[in-house]
Every structure is written in C-alpha cells, then in structure tokens.
**Q** 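One structure is given below, represented as structure tokens, and several questions about it will come after.
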Amino acid sequence: MKKEWPLWEVFIRGQHGLNHRHVGSLHAPDAEMAIRNARDVYTRRKEGVSIWVVPSAQITASDPGARDALFEPATDKIYRHPSFYDIPDKVGKM
Amino acid sequence: MIQESDLIASDILYEWLLRRGDTALILGHRVSEWCGHAPVLEEDIALANIALDLIGQARLWLGYAGEVEDKGRGENELAFLRDAWDFRNVLLAEQPNGDFGKTLMRQFLIDAWQDALLSALKTSANERIAEIAVKAGKEVTYHLDRSSDLVIRLGDGTQESHRRMQAALDALWPYAGEMFSADAVDEAMAAAGLAPNPQTLRPGWDETVGEVFKQATLTQPQSDFAHKGGLTGRHSEHLGHLLSEMQFLQRAYPGAAW
C-alpha cells in the first residue's frame, strides 16, 4: 500500500470576477480534505474567496524537451500582436 | 465606565470571562505545542492556524476581563502573570496532547461545546460578549467541521487508527462533564440574560457528538463521572507544567516586549 497521500494542485480566486490562479500543491487523501488543507495552507492571509483542487495526476503537461518546437516558431511573428494599428482617438482606451 | 455593571456584579462577570479566556488560551497553547511536530505538513499548518484562532479568542475575552476587573491588568498580565490556581479553564483543555488521536479527540469534544456555547452567546444581553461570540463563532464552526471530519475518518479508518481514537475517547470522556456544570456564577449570568446555563447546552452537544461517534464507529462511554475543579481553580498536575513553559519569558524577563 502506498503510504503517501496523493498530490493535488491548488487554484485560488483572489477576488470575485478574477480567474482562479494556480498557487501551489499539497497532499491530501481525497478532494474534500484537499480543499480543507488548501484553506489552511494557502488562504491564511485572506488570499481567496474560492478554491479549486485538481489531482496532480490528472494534469497533462507539455514536454519541456519540446519547448523549441512548440514555442520558438512564435517568436519571429510579432505581427500577431495587434500593435501595428493606429487607434482612432474616438475609440478611447482599449 | 462599564455599563454592564447594571446587569451583573463585576466580580461575577470577571470570573465568567476568565473561564472563556483561559479555556481558549490553554487549549490554544496545547495545540501550538504541535507546531513543527504534526504527522504531515498540511496538518501542522492547520493545527497552528487553530492555535492562533484560539489565542486570538483568548485575547478578546481576557482583554475584556481586564477592563471589567478594573485593576490595571490587561490580556498580557492575565495570561502571563497569574499562577495555576488563578486559571479558570476547563480541565479538558489542559490535558496533555498525547498522540494525534488524543489531541484531535480533545479538540472535537471542546469544539462541539464551544460551537453550541458561542451560538447561544450571540444573543447575549451584553453587546461585547455578543460581538466576541460572533467573531469566535465563525472560527469555531470551522474547527468543529474539521475535527468532526477527522474523528470520523480516523475512527472509521484502519484498525490502528480506530484503536487510538477509541482509547482517546475513553481517556478524555471523564473530563467532558465539567463543560456543562453550573455554579452560582453561571446561574447569575443566565439570570441576567448574559449567557446560557451550561446545563442547557448538554442535549445538543450529546446529539452532535453522538452522531459523529456513530459514523466514526466509536463507542461512547456510558459513565457519567466527571472530573471537576478547573473552573474554580483546582487544576490537574498538568497545568503548572504548561504554564512554566508558556509564561517562561515574562517570568524570566519581566516586561519584555517585541
């Protein structure tokens, strides 16, 4: 039997209207206790109004070794940023 | 000037406030002894949070007690410069931590009582008491939620965890009755509409803990025997040892401050 509790990724929403953000991870035997532990570990200084937990094993990550193939091609395509347009004054703040 | 003196003699109110403050302080100190020693990191932080909640509650009760006493003593003097016989916490709060199961069982028995007491105090005729009860009540609701969940998980867990939880319950049960004992102080507080008579909290508490023990597959002891004395200053041998550690700094370096 594995003695270590499974790992959970913790996401906290700091304020209403903002997105949940990844803040870290912790160990817990199940989702309910992961929420409690997250409350105790990550919201001690009023960081949040909502908590999500996700089993770390459920996260599929991109391969760090494939970084160049995945992300390098975007670096010389600055025209994908909408920064080559003059915005008329009457549009106001974008 | 303390307007509450219209409702009750200040020495009675002071005595009652010490019972609240000292129980929170002593339990808080006990729980803080786990800091750095808990079975897992997450639990360590959770216990430290609870200890801090309790010490925060103690500050509110003892600060008010100092004002009522009106002899120039504040929360610090009351916490660090009284000796064991001046403390008014329930005996259960000062019982040693033992293993994690015993710490948890002590917490659960007290949480269930505090939760019921604080809910009743929210409608106290004394505004200050009601305000403290609202603030502390939120914290204790979470403490109870957490301790009942863990009692159920460990009671209904492995053979080993079940054995430890049952042993903890058997060892601590004789200290539960004191939480519901009532003397002249309690009766005067109840008569003035400032606090419930502790005896009235027992049926609700019995129901709360009975339900949790059932789910936890734990057997509730049948004995009604109750150790008493903490609320009137007659403590077990453990309190002196606890105070010698908790009060060391102020005793060795009087007046030391951050």
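Lettering of chains follows the sequences in order, A, B, ..., and the numbering in each one begins at 1.
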**Q** With a 4.0 Å cut-off on N to O distance, would you call B/R153 and A/E32 a salt bridge?
**A**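 Yes.
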**Q** For the CH2 atom of A/W8 and the CD atom of B/E42, what is their distance to the nearest 0.5 Å?
**A**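 Interatomic distance, A/W8 CH2 to B/E42 CD, rounded to 0.5 Å: 12.5 Å.
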**Q** Considering residues, nucleotides and ligands other than A/I59, do more than 12 of their heavy atoms fall under 6.0 Å from its CD1?
**A**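 Yes.
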**Q** Heavy-atom distances under 4.5 Å only: say whether B/D145 touches chain A with side chain, backbone, both or neither.
**A**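 When you check distances to chain A, atoms from both the backbone and side chain of B/D145 fall under 4.5 Å.
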**Q** Against chain A, label B/L52 side chain, backbone, both or neither, depending on which of its atoms sit under 4.5 Å from a heavy atom there.
**A**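 Answer is side chain: those atoms of B/L52 sit under 4.5 Å from chain A.
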**Q** Is atom CZ of A/F84 surrounded by more than 12 heavy atoms (other residues, nucleotides or ligands) closer than 6.0 Å?
**A**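 Yes, because the 6.0 Å sphere around CZ of A/F84 holds more than 12 heavy atoms from other groups.
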**Q** Is it true that, when you exclude B/Q159 itself, more than 12 heavy atoms of the residues, nucleotides or ligands shown sit nearer than 6.0 Å to its CD?
**A**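 No, not enclosed.
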**Q** Counting only heavy atoms not in A/R36, do more than 12 fall under 6.0 Å of its CZ?
**A**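 Counting other residues, nucleotides and ligands, CZ of A/R36 exceeds 12 neighbours.
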**Q** Using the rule given for side chain to side chain contact (heavy atoms under 4.5 Å, CB included), can you reason through B/V40 versus A/H27, listing the C-alpha separation, both sets of side-chain angles and the distance that settles it, and then say yes or no?
**A** CA-CA 9 Å; B/V40 293; A/H27 290 94; over 6 Å; no
**Q** Roughly how far, to the nearest 0.5 Å, is CZ of A/R39 from OH of B/Y142?
**A**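 One finds 4.5 Å between OH of B/Y142 and CZ of A/R39.
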**Q** Under 4.5 Å from any heavy atom of chain A, what part of B/L150 do you find: side chain, backbone, both or neither?
**A**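 Contact with chain A involves the side chain of B/L150 alone.
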**Q** Taking NZ in A/K46 as the centre, count heavy atoms belonging to other residues, nucleotides or ligands within less than 6.0 Å. Is the count above 12?
**A**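 No, not enclosed.
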**Q** So among B/I50, B/N49, B/L47, which one has a side-chain contact (heavy atoms from CB on, under 4.5 Å) with A/D40?
**A**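 Per the side-chain contact (heavy atoms from CB on, under 4.5 Å) rule, the option paired with A/D40 is B/N49, out of B/I50, B/N49, B/L47.
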**Q** Counting only heavy atoms not in B/K122, do more than 12 fall under 6.0 Å of its NZ?
**A**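 Counting neighbours around NZ of B/K122, more than 12 heavy atoms of other residues, nucleotides or ligands fall under 6.0 Å, so yes.
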**Q** Which bit of A/R44 is near chain B, if near means a heavy-atom gap under 4.5 Å: side chain, backbone, both or neither?
**A**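 It is the side chain, since no backbone atom gets that close.
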